[in-house]
Amino acid sequence: MTFDEQDLNRAFMALADQTRRQIIVRLSTGPATVNELAEPFKMSVQGISKHIQVLEQAHLVTRTREAQTRPVHLNPALLTELTRWIDKYRILAELKYNRLDAVLKSQLKHH
């Protein structure tokens with residue numbers, strides 16, 4: 001699956017919420033049911049379900065049907081894409097700062 005700018009925007013907006021980030025952290029250890037995801041929060045199962053829906057719409061998680069449950073799974077492909085996007089701009093920023101450091105060092109040597 002390829003991700004476009006809109007997918008990245010939805011994912012970053014979904015991750016702006018602390019509860020959703022905590023859900024992602026929990027899912028990084030393996031799939032979980034909505035009830036399992038709701039346990040550590042002072043929130044109803046319906047509230048957690050709404051957060052999961054946001055994460056689903058952002059393609060960060062998926063749900064499957066296994067017997068009587070619908071476990072939630074992390075979508076590592078999109079997390080990889082987000083990391084690539086962040087790294088691209090981190091590397092560009094580092095290059096600029098490295099050039100600035102070189103200029104400043106050369107200026108200090110001449111004074």
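- Although no hydrogens or angles enter the test, the distance criterion places no donor-acceptor pair under 3.5 Å between the side chain of Arg70 and the main chain of Thr33.
- The distance from atom CZ of Arg63 to atom CD of Glu56, rounded to the nearest 0.5 Å, is 4.5 Å.
- Summarising the geometry, atom CD1 belonging to Ile48 is positioned 10.5 Å from atom CZ belonging to Arg20; distances are rounded to the nearest 0.5 Å.
- In this structure, Arg84 does not pair ionically with Asp87, as no charged nitrogen and carboxylate oxygen lie closer than 4.0 Å.
- Closest approach of Glu36 and Pro31 over heavy atoms only: OE1-O, 4.5 Å.
- A continuous path of hydrophobic side-chain contacts links Phe12 to Tyr89 [ILVMFWY only; heavy atoms under 4.5 Å].
- Residues Leu15 and Met13 do not share a hydrophobic cluster, clusters being chains of Ile/Leu/Val/Met/Phe/Trp/Tyr side chains in contact below 4.5 Å.
- Here the closest heavy-atom approach between residue Leu55 and residue Ala14 is recorded as CD2-CB, 4.1 Å.
- Summarising the geometry of Ile52 relative to Val61, their closest heavy-atom pair is O-CG2, 4.0 Å, with the distance given to 0.1 Å.
- Residues Val34 and Ser49 come closest through the heavy atom pair CG1-OG, 3.5 Å.
- Contact between Asp7 and Arg10 at its shortest, heavy atoms only, is OD1-NH2, 2.8 Å.
- Counting non-hydrogen atoms of other residues, nucleotides and ligands closer than 6.0 Å to CD of Glu94 gives a total above 12.
- Taken from CG in Leu37 to CD in Glu39, the straight-line distance is 9.0 Å, to the nearest 0.5 Å.
- By the 4.5 Å heavy-atom criterion applied to side chains, His51 and Phe41 are not counted as neighbours.
- Considering every non-hydrogen atom in both Ala32 and Leu27, the closest pair reads N-CD2, 3.8 Å.
- For the atom pair OG1 of Thr62 and CG of Asn75, the computed distance is 6.5 Å after rounding to the nearest 0.5 Å.
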Before giving the answer on side-chain contact (heavy atoms from CB on, under 4.5 Å), spell out for Leu82 and Leu60 the whole-Å C-alpha distance, their side-chain angles and the decisive distance to 0.1 Å. CA-CA 10 Å; Leu82 293 173; Leu60 288 163; 4.1 Å; yes
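- The structure places CZ of Arg26 at 10.5 Å from CG of Leu74, a figure rounded to the nearest 0.5 Å.
- Cluster annotation: Val54 and Leu8 are assigned to distinct hydrophobic clusters (Ile/Leu/Val/Met/Phe/Trp/Tyr, side-chain heavy-atom contacts under 4.5 Å, transitive).
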